[in-house]
Amino acid sequence: MYLDNYLKQGIVDAVEELYGVKMTEESIKLEVTNPDFKGDYTFVCFPVVRFSKKKPEDTADEIGKYLKENIDQVDDFNVVKGFLNLEISHSYWLEYFKAHQFRNKLDNKGKVMVEYSSPNTNKPLHLGHIRNNLLGYGVARILEASGYDVVKSNLINDRGIHICKSMLAWKKFGNGETPESSNLKGDHLVGKYYVEFDKHYKAEIKDLMNAGMDETTAEKSAPLMLEAQEMLRKWESGDQATIDLWKMMNNWVYKGFDVTYKALGVSFDKFYYESQTYLLGKDLIEEGLSKGVFYKKPDNSVWIDLKSDGLDEKLVLRGDGTSVYITQDIGTAQLKYDEYKCDKSIYVVGNEQDYHFKVLFLILQKLGKSWADGLYHLSYGMVDLPSGKMKSREGTVVDADDLMDEMIEAAKVKTEELGKTDGMNEEEKNELYRMLGMGALKFFILKVDPQKRMLFNPEESIDLQGDTGPFVQYTHARIRSMFRAAKAEDINGDYDAVEARESEINLIKRLLDFESELLKAASAYSPAILIAYALNLAKAFNRLYNDVSILKEDNVHLRRFRLKLSGMTAETLKTTLDLIGIQCPERM
RNA sequence: GGUCUCGUAGCUCAGCUGGAUAGAGCAACAGAUUUCUAAUCUGUGGGUCAGGGGUUCGAAUCCCUUCGAGAUCACCA
């Protein structure tokens with residue numbers, strides 16, 4: 001039983017004993033004491049005042065006395081206003097620490113699918129995708145560590161008008177350029193023609209408008225757009241030449257994506273392709289019609305009325321029987337469930353699609369799908385630039401590959417400046433720069449609460465000092481270095497003789513927090529919680545490190561105790577960062 | 001116009017389902033290394049938690065309202 005539960009029970013007993021009122025354990029509010037005050041746990045006494053009929057201070061005092069007498073671990077207490085601060089004995093923390101072992105595997109919680117990345121195959125990945133990928137991968141790892149079986153999936157948007165735009169532009173203006181011929185990464189090559197399409201398309205619109213056409217009509221009747229639409233029709237009817245071109249260009253993109261995914265350190269267990277799923281869902285539309293969930297309009301189009309749920313009417317199938325976006329998402333959700341039978345399914349998708357997912361989940365619930373309750377849209381905010389929103393077509397994006405290269409380069413410059421690469425060969429150095437650069441980038445992105453939009457300023461490089469990835473990595477490397485110097489000293493000493501100081505007890509508490517922080521991060525789907533934990537742990541250690549000497553401590557018990565603490569800190573930092581895809585070098 | 005987010009220090013962000021004097025980092029300034037890695041640590045300055053009202057013993061947090069920013073309301077995906 002954890003101490004806080006034990007204390008809560010004690011408070012229940014105290015209130016019953018003192019005031020004759022039986023409270024439930026759940027109604028007791030016990031908090032970790034604010035660091036500015038003395039104590040470990042704080043009981044807020046105001047809610048009990050109505051039972052005690054006494055001043056908050058006196059009530060707190062009485063309960064404090066009761067707890068001190070009846071619970072061994074409560075060493076002492078102090079009262080500030082109505083706040084009862086309980087002081088837990090150092091020996092309790094030491095005992096707990098000595099006996100503590102991290103569990104390798106937590107209780108199984110079921111099966112969950114995390115879908116993330118979901119790129120379009122007409123352009124390379126940018127900073128927004130980085131956030132998506134890091135979030136998705138991080139959440140998947142966190143869920144896995146907290147006891148779920150996880151399936152990481154990626155639904156690739158490999159068809160549609162946007163791909164036809166790139167294809168058409170390449171055909172018209174590409175002169176047979178290939179990734180090999182121009183030595184350009186495949187996804188970047190295809191993206192180049194997407195931009196090219198837009199350039200020519202805009203020029204055509206301008207010409208048409210100069211000729212007197214209004215903008216909307218010009219956009220619709222520009223020859224390039226008509227040609228792209230024709231190409232899409234050809235693709236859908238299986239025209240061999242179009243399919244061949246599509247396959248060739250998509251393969252270029254996939255090769256490029258592989259490189260980017262590898263650099264990001266993310267991976268997938270299952271790929272879905274929209275070219276294979278875009279016709280799904282029509283049978284479910286039929287099912288919904290027969291169940292009366294949907295209805296037909298005179299033009300044969302199928303709709304659902306969600307007004308009673310505070311939403312609008314929504315089209316689910318066109319009059320000509322072809323699908324819309326939500327049709328295939330309905331079908332794909334069913335397909336995923338049929339294949340994997342997951343208890344939960346998480347979609348990592350930007351918050352611009354909040355409405356879409358609200359509608360999608362509602363429809364699946366109305367269709368009576370028992371698994372619909374397990375669907376969750378992990379909605380994250382956009383990454384903004386100081387100049388505003390990123391737009392692929394207009395080239396105002398921070399390219400994923402470029403950004404990673406820049407970060408690694410920045411780490412290299414900094415490391416060389418500090419002169420910390422003595423005795424490392426070229427390969428080891430590059431590996432170190434990569435770990436540090438990527439560590440800084442991932443930490444920077446994941447530090448922010450997923451739901452919030454965040455700002456990235458390309459003019460200011462991402463910090464390598466302060467609350468950063470390298471800060472935590474440094475703390476880890478420093479400990480590892482200490483262990484190299486300690487050789488094989490046995491760290492399992494007898495801690496009973498140890499007179500622990502405040503900074504040591506503090507570090508113990510942080511170390512013991514790991515599991516509860518992990519579970520918190522898992523239930524909130526938030527890697528940011530683990531980042532904050534890693535920072536707190538590293539800071540607690542650094543404070544101790546600056547405060548006392550470890551290897552040079554003469555008292556053998558104390559020395560071993562501190563080494564044990566250090567070792568556990570390094571291990572915990574490494575584990576924590578690993579869950580969000582950040583690696584820790586042995587030295588830096 | 002309807003709906004949904006968001007607004008905290010000069011900047012980037014924490015602040016968990018209401019709790020004590022609103023916290024970090026960056027930037028600025030002042031310190032710490034004959035001693036285990038100074039990518040570290042200690043300290044100083046910096047706030048009308050967008051404004052106003054309400055609920056409460058207690059509000060950055062919950063409710064209402066005004067202002068400001070963004071998203072969405074496609075037979076695009």
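Here is the naming used below: chain letters follow the sequence lines, and residue numbers restart at 1 for every chain. Computed from a prediction, not measured in an experiment: that's the story for all the values here.
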Query raised in the report: If we take the C1' atom in both A60(B) and G7(B), what is their distance in whole Å?
Result: 11 Å
Query raised in the report: Taking atom C1' in both U40(B) and U33(B), what distance in whole Å separates the two?
Result: 10 Å
Query raised in the report: Does any donor atom in the side chain of Gln451(A) or Asn351(A) lie under 3.5 Å from an acceptor atom in the other side chain?
Result: no
Requested in this report: For G15(B) versus U21(B), give the span between their C1' atoms, rounded off to a whole number of Å.
Outcome: 15 Å
Query - Rounded distance in Å between the C1' positions of U17(B) and C11(B) - result: 31 Å
Report summary line: What one should report as the nearest heavy-atom pair of Glu313(A) and Asp305(A) is CG-OD1, 4.0 Å
Query raised in the report: Quick one: is Asn542(A) getting a side-chain N or O under 4.0 Å of the C41(B) phosphate, OP1 or OP2?
Result: yes
Query raised in the report: If we require ring centres under 5.5 Å and near-parallel planes under 30°, does Phe471(A) stack on A39(B)?
Result: no
Requested in this report: Check if the side chain of Thr468(A) and the base of A39(B) share a donor-acceptor pair of N or O atoms closer than 3.5 Å.
Outcome: no
Query raised in the report: Can you check the Lys452(A) NZ to U12(B) P distance for me, whole Å?
Result: 13 Å
Query raised in the report: With side chains defined as the heavy atoms from C-beta onward, is the minimum distance between Phe456(A) and Phe444(A) less than 4.5 Å?
Result: yes
Report task. Round to a whole Å and report the spacing from CD of Gln328(A) to C1' of A77(B). Result -> 8 Å
Requested in this report: Assess whether one donor atom and one acceptor atom, taken from the side chain of Thr415(A) and the base of A39(B), lie less than 3.5 Å apart.
Outcome: yes
Requested in this report: Check whether any side-chain nitrogen or oxygen of Arg50(A) sits under 4.0 Å from OP1 or OP2 of C57(B), and answer yes or no.
Outcome: no
Query raised in the report: Does a distance-only test, which skips hydrogens and angles, find a donor-acceptor pair under 3.5 Å between the side chain of Lys447(A) and the base of U12(B)?
Result: no
Query - Asn250(A) side chain to Asp158(A) side chain, donor-acceptor N/O pair below 3.5 angstrom - result: no
Report task. Kindly state which residues belonging to residues 309-322 of chain A come within less than 4.0 angstrom of RNA chain B, counting heavy atoms of the residue only, listed by number. Result -> Asp312(A), Leu315(A), Arg318(A)
Query raised in the report: Which part of the nucleic acid, if any, lies within reach of Thr42(A) when heavy atoms closer than 4.0 Å are counted: base, sugar-phosphate only, or nothing?
Result: base
**Report entry** Between Glu409(A) and Tyr433(A): side-chain donor-acceptor atoms closer than 3.5 Å
**Finding:** no
